[in-house]
Amino acid sequence: MTAMQAVASINRERVARYLSQQRGGFHPRLMLASFLIMWVPPDVLGAYRSMVYRKVVGFDIDATAIIAGGLQIIGPGDIYGKLHVGRGSFINRRCTFDLNGPIYIGSGVDVGFDSTIITGTHELGSPQRRAGDLIGKAVTIGDGVWINAGVTILPGVTIGGGAVVAAGAVVTKDVAENAFVGGVPACLIKDLC
């Protein structure tokens with residue numbers, strides 16, 4: 001094999017590996033849902049958006065849940081069984097959900113606009129590349145929780161029922177039931193019981 005053929009072979013392998021990785025993030029049903037939703041003005045027909053995400057994409061979203069604007073949903077592979085939204089929950093505009101792992105949103109939950117829920121993280125790698133293999137860690141939000149605007153929730157976090165997360169907080173660890181937390185990183189402000 002000549003040097004030119006070896007380089008061509010390596011390049012073909014790299015391209016094939018790259019395309020294989022990128023294919024995992026291609027979600028035709030989600031693209032169709034986004035197309036159907038983009039024509040609906042924000043803050044109207046929230047039940048329609050929920051229905052599109054439920055029936056076209058296949059997410060587990062209760063029929064009474066309201067989605068005020070299109071969601072940005074990302075994640076590799078089979079994301080369709082990873083989003084669960086409970087009865088009467090409200091998700092505001094411009095929210096981002098990373099579905100590397102599952103997201104469980106309970107009943108009666110309010111998620112403020114520009115909030116982000118991240119489930120993807122990395123195992124600790126070698127000194128040459130500390131961000132090792134990608135893994136997903138579930139995020140669970142209990143019933144009746146209020147997530148204010150601009151909140152970021154990191155992988156593996158559980159927020160207990162009845163809790164409140166202040167605007168702009170970054171939630172890095174579990175939040176107890178009926179706790180009011182805020183800040184970066186989020187810490188207890190007061191107990192709501």
Side-chain angles (χ1 to χ4, degrees), residues 27 29-30 33-34 36-37 40 42-121 135-182 185-186 188 192:
H27 305 292
R29 290 186 287 175
L30 186 57
S34 296
L36 294 171
I37 289 169
V40 179
D43 298 326
V44 297
L45 299 174
Y48 167 77
R49 283 186 201 82
S50 297
M51 185 266 308
V52 169
Y53 283 123
R54 186 174 60 257
K55 295 197 181 257
V56 174
V57 181
F59 291 137
D60 178 21
I61 298 176
D62 190 271
T64 62
I66 300 294
I67 299 175
L71 299 173
Q72 176 163 349
I73 298 173
I74 57 174
D78 184 10
I79 62 170
Y80 303 110
K82 293 183 180 177
L83 179 59
H84 311 274
V85 180
R87 183 168 183 71
S89 288
F90 177 84
I91 300 170
N92 215 322
R93 294 174 282 141
R94 297 190 317 255
C95 290
T96 301
F97 292 170
D98 162 34
L99 294 176
N100 278 283
I103 296 174
Y104 301 97
I105 298 173
S107 297
V109 173
D110 290 287
V111 179
F113 71 91
D114 282 331
S115 290
T116 302
I117 301 175
I118 302 169
T119 62
T121 187
I135 56 173
K137 292 185 176 183
V139 168
T140 303
I141 300 171
D143 295 342
V145 171
W146 179 15
I147 307 293
N148 279 271
V151 168
T152 300
I153 301 170
L154 296 183
V157 167
T158 296
I159 299 176
V164 175
V165 180
V170 177
V171 185
T172 61
K173 60 185 178 185
D174 291 353
V175 174
E177 289 186 2
N178 299 307
F180 181 19
V181 300
L188 183 66
L192 298 172

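Here the structure is a predicted model, which is why all the values come from computation and not from measurement.
Legend: residues meeting salt bridge (Lys or Arg N to Asp or Glu O under 4.0 Å) with Arg54, ordered by chain and number and at least two apart, are absent. Asp60 is linked by a side-chain contact (heavy atoms from CB on, under 4.5 Å) to His84, counting only residues two or more places apart in sequence or in another chain. Among residues two or more places apart in sequence or in another chain, the salt bridge (Lys or Arg N to Asp or Glu O under 4.0 Å) test is passed with Arg29 by none. Not counting sequence neighbours, Asp98 has no partner by the salt bridge (Lys or Arg N to Asp or Glu O under 4.0 Å) test. Residues meeting the side-chain contact (heavy atoms from CB on, under 4.5 Å) test with Ile135, sequence neighbours left out: Thr121, Glu123, Lys137. For the side-chain contact (heavy atoms from CB on, under 4.5 Å) test, residues two or more places apart in sequence or in another chain that qualify with Leu71 are Tyr53, Ile67, Ile73, Ile91, Cys95, Phe97. In terms of the side-chain contact (heavy atoms from CB on, under 4.5 Å) criterion, residue partners of Ala167 (sequence neighbours excluded) are, by chain and number, Asn148.
Counting all heavy atoms, side chain and backbone alike, Gly182 lies closest to Ala169 at CA-CB, 4.0 Å. Scanning all heavy atoms of the two residues, the minimum distance from Gly101 to Thr119 falls at N-OG1, 2.7 Å. Summarising the geometry of Ile66 relative to Gly46, their closest heavy-atom pair is CG2-CA, 3.8 Å, with the distance given to 0.1 Å. The shortest non-hydrogen separation linking Ala65 to Ile61 is CB-CG2, 3.8 Å. Of all heavy-atom pairs spanning Ser107 and Asp143, the tightest one is N-OD1, 2.8 Å. Asn100 and Gly120 get closest at one heavy-atom pair: CB-CA, 3.6 Å.
Only one option out of Thr152, Val151, Thr96 pairs with Ser115 in a side chain to side chain contact (heavy atoms under 4.5 Å, CB included); it is Val151.
Among residue pairs with one or both ends in residues 107-121, those qualifying as salt bridge (charged side-chain N to carboxylate O under 4.0 Å, His left out) are Arg94-Asp114; sequence neighbours excluded. The ring pair (Phe, Tyr, Trp, His ring centres under 6.0 Å) pairs that include a residue from residues 57-80 are His27-Tyr80, where partners are two or more places apart or lie in different chains. The side chain to side chain donor-acceptor pair (under 3.5 Å) pairs that include a residue from residues 158-182 number zero, where partners must be two or more places apart or lie in different chains.
Note: Ile118 CD1 to Leu154 CG = 5.5 Å, rounded to the nearest 0.5 Å. Atom CZ of Arg87 and atom CG of Asp62 lie 5.5 Å apart (nearest 0.5 Å). The CD1 atom of Ile141 sits 12.5 Å away from atom OH of Tyr104, with the distance rounded to the nearest 0.5 Å. If you take CD1 on Ile117 and CD1 on Ile147, they are separated by 7.0 Å, rounding to the nearest 0.5 Å. The CZ atom of Phe90 lies 12.5 Å from the CH2 atom of Trp146; values are rounded to the nearest 0.5 Å.
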Q: Show the numbers, then the answer: is there a side chain to side chain contact (heavy atoms under 4.5 Å, CB included) between Ile153 and Val165?
A: CA-CA 10 Å; Ile153 301 170; Val165 180; 5.9 Å; no
Q: Please report the C-alpha distance between Val109 and Ile159 in whole Å, then the side-chain angles of each, then the deciding distance to 0.1 Å, and finally whether the side chain to side chain contact (heavy atoms under 4.5 Å, CB included) criterion is met.
A: CA-CA 11 Å; Val109 173; Ile159 299 176; over 6 Å; no
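Checked by atom type and distance alone, the side chain of Ser50 never pairs as donor or acceptor with a backbone atom of Ala63 at under 3.5 Å.
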